[in-house]
S.K.: 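If you scroll down you'll find the structure; I have some questions about it.
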Amino acid sequence: RGGSLHCPRCGRRVADAHGVCQHCGEVAFQCRQCRHINYERLDAFLCVECGYCAFGEYNFQLKSEPAPDALPIKTEAELDAARSRLADYIDTVR
């Protein structure tokens with residue numbers, strides 16, 4: 001982890017090679033959100049179970065506005081066609 005390891009419960013420095021806190025007994029290698037331990041990569045950037053990151057934070061912001069030139073969808077067939085066109089567009093963007 002590029003430095004000293006700290007206990008997720010009590011915050012003290014963990015010097016044990018197995019990551020067990022000598023003060024409270026908590027395993028310091030576990031994810032702070034879901035408590036999963038990635039034994040394949042103890043210093044992983046993201047938790048493989050829940051995606052939590054102890055080293056950074058991801059923020060997403062979505063902005064939307066009304067589209068006055070959009071055609072209204074009035075039937076199920078029009079809805080299915082619009083979904084199909086959207087899926088095709090997403091595939092071309094990837």
S.K.: With a 3.5 Å cut-off and sequence neighbours excluded, list the donor-acceptor pairs that the side chains of residues 12-29 form with protein atoms.
M.R.:
from, atom 1, to, atom 2, distance (Å)
Arg12, NH2, His23, NE2, 3.3
Asp16, OD2, His18, N, 3.1
Asp16, OD2, Gly19, N, 3.4
Asp16, OD2, Val20, N, 3.2
Glu26, OE1, Arg9, NE, 3.3
Glu26, OE1, Arg9, NH2, 2.4
Glu26, OE2, Gln30, NE2, 2.2
Glu26, OE2, Arg35, NH1, 2.8
Glu26, OE2, Arg35, NH2, 3.3

S.K.: Restricting to side-chain hydrogen bond (donor to acceptor under 3.5 Å, both in side chains), what partner residues turn up for Arg85, sequence neighbours left out?
M.R.: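 Not a single residue meets the side-chain hydrogen bond (donor to acceptor under 3.5 Å, both in side chains) criterion with Arg85.
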S.K.: Out of His36, Glu40, Arg41, which residue meets the side chain to side chain contact (heavy atoms under 4.5 Å, CB included) rule with Val48?
M.R.: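 Looking at His36, Glu40, Arg41, the match for Val48 under the side chain to side chain contact (heavy atoms under 4.5 Å, CB included) is His36.
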S.K.: If Ile, Leu, Val, Met, Phe, Trp and Tyr residues are connected whenever their side-chain heavy atoms lie under 4.5 Å apart, and connections chain through other members, are Phe60 and Tyr52 in the same group?
M.R.: no
S.K.: Would you mind writing out the side-chain donor-acceptor pairs for residues 62-74 within the sub-3.5 Å range, not counting sequence neighbours?
M.R.:
none

S.K.: Is there a side-chain contact between Asp80 and Thr75 in this structure, where contact means two heavy atoms from C-beta onward sitting under 4.5 Å apart?
M.R.: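 In short, these two side chains do not touch, never coming nearer than 4.5 Å.
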S.K.: Is it possible for you to say whether Leu5 and Tyr39 belong to one hydrophobic cluster, with membership spreading through side-chain heavy-atom contacts below 4.5 Å?
M.R.: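 Both belong to a single hydrophobic cluster.
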S.K.: Do other residues, nucleotides or ligands put more than 12 heavy atoms under 6.0 Å from Phe45 CZ?
M.R.: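 Enclosed: over 12 neighbouring heavy atoms sit under 6.0 Å from CZ of Phe45.
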S.K.: Which heavy atom of Gly11 sits nearest to which heavy atom of His6, and what is that distance?
M.R.: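 Minimum heavy-atom contact is O-CD2, 3.4 Å.
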S.K.: Just wondering, do Cys53 and Cys47 contact through their side chains at under 4.5 Å, heavy atoms?
M.R.: no
